[in-house]
Each structure stands twice: as structure tokens, then as C-alpha cells.
Amino acid sequence: MVITARNPVHAVLFLILCFFNVSGLFVLLGAEFLAFMLVIVYAGALSVLFLFIVMMLDIDFSSLRQDMVKYTPISILIAGVLLVELLLLFQGWGGSSHIAGNLSEHPILSSEDMTNTKAIGAVLYTDYVYAFQLSGLVLFVAMIGTITLTLRDTHKAKRQRVSEQTAVKPEDILNIQKVTPGVGM
């Protein structure tokens, strides 16, 4: 439904539902930390960012769909090539013997020593600290790009001019009238 939904807002909402489903699968697999991080980071933050972009850009999606028909044959060809590559990859994959060899060379910390969260944190902040910092930088650049795309400078918008407001004297804007009782306006 993420791909086939006609309304882009509905597509983002289906994406959020997909994130919750994957999070449920992680809970069933015993990876609670990954499940909660998926909900917090993807379903919480990035999906809200996607919704913000979709709602603020005002893109004419009907014209984009009409142009998409031209590229359908090439996209089917590329999808077919990727499918063949994946099938060849899975056919030639040896299975768990490679994984067992990697685990014997680089053992994971035992579960008796620490919890899942501590083990992930220890690996993340020691072995992969530069990749972690780089991913934070990429997200920061994406945020700046989103703000740049949605920021429009219109002359119709009223903006606050603080210097003009503080320069105003009370005598210029305040007019005291003497009202006599019983006369009316």
C-alpha cells in the first residue's frame, strides 16, 4: 500500500504501519531494543519528517504519475535485473557456515555479561563510532535540505520588524482624548 496508494499522505501513513509491523517482528525475535528504536526513530521522527515534506511541498502528483508511464518499461527492466541478481546471490550463498566462521573470529559479548542494549551500545560507540557520527551528519544535512526546500520567501507574508517596533515612541501611537460625560460619540 505504500507504493500503490494514490494519495502521498496515505502512503506515508501506510509506511508508518509497516514500521510498526516490522517492530512487532523484532519483538517476536527477541530484539526489543531494535523494535523500540525502529518505532522511535523511524515511525516517530522520520515519518513525521516525510509527512512534513509531503504536505509542505505542494507537488502536483497527478502530473508526476502521467510522466511515470513513460518510464515504466525501463523500470520493469531494472527491477528484473535486480531480481535476477538477488536470485543468483541467494543461490550461491553458502548459508550459516560463513556466519559461524565470522562468529568464531569475532565473538559477540555473552548475554550473561550484559543486556542487548549494553552490547549494542558498546559495539556502536567503540567499533562503529565514526559511522555513527557520519549517520548523524547525514540526518543533519537532510534536515537542512528539508528546511531549504520548504522555505519560501513571499512578499505577501507579514514579518515582524523588531527594530521598528522598539523605535516607536508612545507619543506617536497613543492619543489621549478628553471625553465629556453624557455627550456620546
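Reckoned from all heavy atoms, side chains included, excluding hydrogens, waters and symmetry mates. The model shown is predicted, which means the values in this text are computed figures rather than measured ones.
Checked against side-chain hydrogen bond (donor to acceptor under 3.5 Å, both in side chains), Gln165 has the following partners two or more places apart in sequence or in another chain: Gln160. Lys169 is linked by a side-chain contact (heavy atoms from CB on, under 4.5 Å) to Glu171, Asp172, counting only residues two or more places apart in sequence or in another chain. Looking at residues two or more places apart in sequence or on another chain, you find a ring pair (Phe, Tyr, Trp, His ring centres under 6.0 Å) between Phe132 and Tyr125. For Phe33, the side-chain contact (heavy atoms from CB on, under 4.5 Å) partners at least two apart in sequence or on another chain are Met37, Thr117, Ile120. Legend: residues meeting ring pair (Phe, Tyr, Trp, His ring centres under 6.0 Å) with Phe50, ordered by chain and number and at least two apart, are absent. Every residue two or more places apart in sequence or in another chain that forms a side-chain contact (heavy atoms from CB on, under 4.5 Å) with Leu49 is listed here: Leu46, Ile53, Thr146.
Note: the hydrophobic cluster containing Val9 also contains Tyr42 (ILVMFWY, side chain heavy atoms under 4.5 Å, direct or indirect links). Using a 4.5 Å cut-off between side-chain heavy atoms of Ile, Leu, Val, Met, Phe, Trp and Tyr, with links allowed through other members, Val2 and Val48 fall into different hydrophobic clusters.
To the nearest 0.5 Å, atom CG of residue Leu34 and atom CZ of residue Phe36 are 11.0 Å apart.
With a 4.5 Å cut-off between side-chain heavy atoms of Ile, Leu, Val, Met, Phe, Trp and Tyr, the cluster of Met143 takes in Phe140, Ile144, Ile147. Alongside Ile74, the hydrophobic cluster contains Tyr71, Leu77, Ile78, Leu82 (criterion: ILVMFWY side chains under 4.5 Å). Summarising the hydrophobic clusters (Ile, Leu, Val, Met, Phe, Trp, Tyr; side-chain heavy atoms under 4.5 Å, direct or chained), the residues clustered with Val81 are none.
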Donor-acceptor pairs under 3.5 angstrom involving side-chain atoms of residues 10-27: please list them, not counting sequence neighbours.
from, atom 1, to, atom 2, distance (Å)
Asn21, ND2, Leu17, O, 3.4
Ser23, OG, Ala35, O, 3.0

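Counting only distance, with no hydrogens or angles, the side chain of Ser47 and the backbone of Gly44 share no donor-acceptor pair below 3.5 Å.
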